[in-house]
Structure formats: C-alpha cells, structure tokens
There are 2 protein chains.
Amino acid sequence: MDVRTLCLGALMGSEATGYEIRKMFEDGTFSHFQIASLGSIYPALTKLTQDGMVTFVEREQENRPDKKVYQLTSEGRRTFLRTLLQTRPGEDRYRSDILFMLTFAEELPVELTEALIDEFAARHEMTQIQIDPENPEKDNCPLAHGRDENGAPSPGCRFVAGLGQAMCEATLDFIRRNKDGLIEELRTRKDKKT
Amino acid sequence: MDVRTLCLGALMGSEATGYEIRKMFEDGTFSHFQIASLGSIYPALTKLTQDGMVTFVEREQENRPDKKVYQLTSEGRRTFLRTLLQTRPGEDRYRSDILFMLTFAEELPVELTEALIDEFAARHEMTQIQIDPENPEKDNCPLAHGRDENGAPSPGCRFVAGLGQAMCEATLDFIRRNKDGLIEELRTRKDKKT
DNA sequence: GGACGCATGTAAGTCGTTACATGATTCC
DNA sequence: GGAATCATGTAACGACTTACATGCGTCC
C-alpha cells in the first residue's frame with residue numbers, strides 16, 4: 001500500500017490537511033499499523049490532485065499559516081474502493097530493533113536488557129492510549145476516519161482498534177509475567193561465568 | 001538497523017551462507033520482527049567482507065551449487081556488540097495492509113471482510129508455528145542463532161519468542177471472540193440500508 | 001531564548017525491493 | 001514437464017526518509 005492509497009483512505013472519513021493526515025498515522029486511528037511521513041504525504045497529495053482524486057480549498061487562518069484542506073472527489077472515492085477490492089493485501093511486516101537486540105540479551109549488560117524491556121513496555125503503553133477508540137482522540141479530528149456524524153467509530157475501526165489493544169495488552173502482560181525471571185536468569189548466568 | 005547489522009547478528013550464532021541467513025529472517029528465529037531479502041543480503045555480505053567483519057570459505061557440494069559459508073571475525077563480533085551498546089533502538093513499526101483494509105469494512109462486501117480476517121488469522125497461525133523455539137526449527141540450522149551447543153535456545157531468544165507467541169495467541173483469541181459479532185453487525189447494517 | 005506545534009513544500013540521498021540471469025536437482 | 005529448493009549475484013527502479021527552507025505563535 002503506497003502513500004497515495006493511504007492518503008485516499010485517510011480522506012474517506014473527512015476532509016483533512018496533509019499535516020492532519022500525518023497525525024492520523026502518527027497518533028491516530030492508523031498509528032499502530034501504518035506510517036507515513038510528511039515528506040511522502042505532500043508529494044502524494046500533489047499527485048492525487050493532478051490525477052483528479054482529490055481537490056483542495058485554501059483556508060486562511062488567524063495566527064496560523066494558511067492551509068490546504070483536501071477532500072476526496074467521487075472519482076477518488078471510487079478508485080480507492082476499487083483498489084481495496086482488487087489489491088491482494090501485502091504481508092504484514094513487523095520490525096523491532098528492540099526485540100532484535102533482546103535476542104542477544106546474554107551478550108549485553110543486564111542493565112541494558114532491563115532498560116530495553118522497559119522501553120518496549122512504555123512504547124506499548126503509549127500505543128494503547130493512542131488507539132483507544134472510546135476515549136479521547138483528543139479534541140481535534142472531530143470527523144476523523146471511521147467515525148460517523150455522531151463521532152461513533154465504525155465497526156471495522158472498532159474491531160481493528162480492539163485487536164490493537166489486545167495485542168498491546170498481551171505484550172504488556174507477557175512482560176509483567178516474564179521480565180523478572182529473565183533478568184534473574186541472566187544475572188545467574190553471568191555469576192557462573194566469573 | 002540496516003541489513004549489515006542484521007547479518008552480523010545472524011552470524012553471531014553460527015556460520016551461515018547468505019541463503020541461510022535469509023531463511024533465519026523468513027522462517028526462523030527472526031521471522032516475526034525483522035525481514036531482509038536476498039537482494040540486500042548478498043551485497044551486505046560483500047561489503048562486510050571488504051570491511052573485515054566477516055570471512056567466508058567456499059564449500060563445494062555434491063549435486064548442489066557451491067556455497068560461501070560466512071563467519072564472523074573477532075573484529076565483526078566486537079563491532080556488532082559495540083553497535084548494540086551504542087545504538088538507540090529505532091521505533092517498532094508494524095504495517096498491515098489487512099488491518100488498514102478492515103478499517104473500511106463497512107464499505108466492503110461482507111465476504112471480503114470475512115476472507116481478510118481469515119487470512120489474517122491464518123498468517124498468525126503460521127507465524128506461531130515458525131517462532132516456536134521448543135519445537136521443530138526443522139532439521140537444518142543446527143546451530144542457528146541463539147542456540148548453544150546442545151541446541152538449547154538462549155534466555156533472550158526464549159523471551160522474544162515467547163513474546164511473539166503471546167502476541168499471536170492474543171490476536172487469534174481476539175478474532176475468535178469478535179469475528180462473528182463483527183460480521184453479524186455488518187450484515188445488519190447492510191440490511192438496514194436496503 | 002529556545003523548543004515545540006502548526007503548516008507547506010523540495011531535494012538529495014539512502015535503502016531495499018523486484019526482476020533478471022544462471023543452473024543443477026528433486027519432487028509431483 | 002513444471003515447480004520448487006538450493007545457491008549466488010547484479011542492476012534498475014522506486015519508495016520513503018532526512019534534511020533543508022520558511023515563518024508565525026505560544027509556552028516554559
């Protein structure tokens with residue numbers, strides 16, 4: 001899924017600026033399973049405009065730079081849905097430097113191992129908060145992706161968010177149950193070596 | 001973490017060919033949290049050889065093409081460990097086309113939604129099997145990464161593998177508990193619209 | 001004063017994927 | 001006969017990241 005398609009998807013819920021789209025991927029609905037940076041979003045929006053998939057309105061703001069609010073065209077909407085129907089979804093890919101590093105825990109100072117696990121846990125707690133569909137979603141993005149006029153999340157979004165929550169929960173739970181044991185085992189092994 | 005570092009890590013456990021390294025990432029220990037393709041592994045190994053991080057021995061085989069078996073040099077080992085100590089681990093990134101698509105379940109045919117969920121589940125079942133540290137690890141890779149001379153996985157590897165298992169388990173569990181409800185809800189909504 | 005949030009955009013460069021090229025063997 | 005596994009390698013291409021460029025406002 002290239003950034004163009006991702007942008008179309010982000011605009012399915014409501015109009016948005018490039019900056020807001022990035023936020024959807026950074027802290028919002030999409031945050032735990034897709035990413036996109038501004039450097040790729042802006043060119044994508046330009047291209048989509050050229051192709052007639054989106055239009056934008058320039059909106060002046062007080063005390064803020066002007067912004068371009070993008071909106072799907074019916075052509076864009078159709079194209080996006082067609083893409084969804086035709087695309088065989090790519091494989092999931094999960095990359096984690098921390099897990100890779102933890103794999104070598106035996107070669108690392110125990111303090112580092114512990115710090116890595118703690119950071120891993122902290123990040124997952126963060127994610128858990130970000131994807132909670134019921135709670136805040138902050139103030140902004142009143143009509144963010146997957147919400148109807150009343151702000152209620154769509155079934156698909158609730159499902160995906162719930163799945164994300166479950167994954168985070170399981171991760172945190174596993175760490176709670178196994179961290180101390182691992183640290184202890186590593187300490188014991190180090191002692192034996194000396 | 002670039003492919004070079006990943007290759008060094010893969011060679012920490014035992015000597016291996018480029019082909020075998022890819023297998024570690026594709027089906028082995030690393031499979032659920034890192035990936036690398038042959039097109040990036042081979043150039044990486046060439047570069048690492050030039051830099052004195054690895055050496056290789058050409059081994060002739062019967063009924064098989066010759067292979068280059070790579071091995072860490074002590075310099076390579078030191079460099080790798082230094083990298084681990086110095087590198088701030090990058091953020092985890094998880095990308096999933098399927099989850100992205102499921103977010104738009106309301107706009108999709110219910111059959112497609114169901115197929116997507118099933119495929120998601122199937123892939124996670126696959127992963128679960130691949131990362132099981134106790135079980136098969138097939139026949140090959142007798143001294144794969146994270147195993148000592150007796151084939152026992154290191155504590156770090158066991159921890160990471162257990163975490164992966166827990167995540168898969170949670171995912172599959174969530175699907176078991178929520179799939180039918182979602183499908184039903186989508187059907188009801190579609191009925192109402194007509 | 002400096003960092004951060006809002007806001008857009010470009011350009012250079014990295015990194016990796018995909019596809020191509022080759023070739024023997026084994027299994028269906 | 002064709003596909004898959006083992007095995008290595010290159011080259012083109014594409015996609016995204018990073019950094020740069022600009023500028024105002026707010027908060028500490």
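Protein chains get the first letters and strands the later ones, always in sequence-line order, with residue 1 at the start of each. Nothing here was measured: the structure is a model prediction, and the numbers come from that model.
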Exercise for review: Look at all strands and tell whether Gly39(B) reaches a base, only sugar-phosphate, or nothing, counting heavy atoms closer than 4.0 Å.
Suggested key: base
Rounded to whole Å, CZ of Arg93(B) lies from P of dC15(C) at a distance of 13 Å
Separation of dG5(C) atom C1' from Asp27(A) atom CG, nearest Å, is 12 Å
- Message: OP1 or OP2 of dT8(C) versus the side-chain N and O atoms of Thr17(A): is any pair under 4.0 Å?
- Response: yes
From CZ of Arg4(B) across to P of dC15(C) the rounded distance in Å is 7 Å
- Item | Note, Leu85(A) side chain near Pro109(B) side chain (heavy atom, < 4.5 Å) | yes
- Message: Can you confirm if the NZ or CZ of Arg22(B) lies within 45° of the ring axis of Phe25(B) and under 6.0 Å from the centre of its six-membered ring?
- Response: no
So, do Thr103(A) and Leu99(A) sit near enough that their side-chain heavy atoms are less than 4.5 Å apart?
no
note: Arg95(A), atom CZ; dC15(C), atom P; distance rounded to Å ~ 12 Å
Which of dC16(D), dG16(C), dT8(D) is nearest the side chain of Asp2(B)? It is dG16(C)
Of the candidates dG16(C), dT8(C), dG9(D), the side chain of Ser40(B) sits closest to dG16(C)
Of dG9(C), dT8(C), dG16(C), the nucleotide closest to the side chain of Tyr19(A) is dT8(C)
From CG of Asp66(A) across to C1' of dG25(D) the rounded distance in Å is 15 Å
Whichever of Pro43(A) and Leu6(B) has the more 5' nearest nucleotide on DNA chain C, that residue is Pro43(A)
Note to self: Is it the case that the side chains of Thr5(B) and Asp2(B) hold a donor-acceptor pair, with the cut-off being a distance below 3.5 Å and no angle test?
What the structure shows: yes
| said: Whether Thr46(A) contacts dG9(C) is assessed here as follows: a side-chain N or O lying under 4.0 Å from the phosphate OP1 or OP2. Is that the case? | reply: no
Atom OH of Tyr42(B) and atom C1' of dA19(C) are separated, to the nearest Å, by 16 Å
Taking dT8(D), dC6(D), dG9(C) as options, the one with an atom nearest any side-chain atom of Lys23(B) is dC6(D)
(message) Please classify the nucleic acid contact of Ile35(A) as base, sugar-phosphate, or nothing, using heavy-atom distances under 4.0 Å.
(response) sugar-phosphate
To the nearest angstrom, the CZ-C1' distance between Arg59(B) and dC6(D) comes to 15 Å
note: Leu38(B), atom CG; dT5(D), atom P; distance rounded to Å ~ 13 Å
task: For Ile41(A), answer base if it contacts any base atom (sugar-phosphate contacts may also be present), sugar-phosphate if it contacts only those atoms, and nothing otherwise; contact means non-hydrogen atoms under 4.0 Å.
output: nothing
Testing dT17(D), dG9(D), dT8(D) for proximity to the side chain of Tyr70(B), the answer is dG9(D)
Of the listed dT17(D), dG9(D), dG9(C), the closest approach to the Ser37(A) side chain comes from dT17(D)
| request: Establish, yes or no, whether a centroid distance under 6.0 Å links the rings of Tyr94(A) and Phe33(B). | output: no
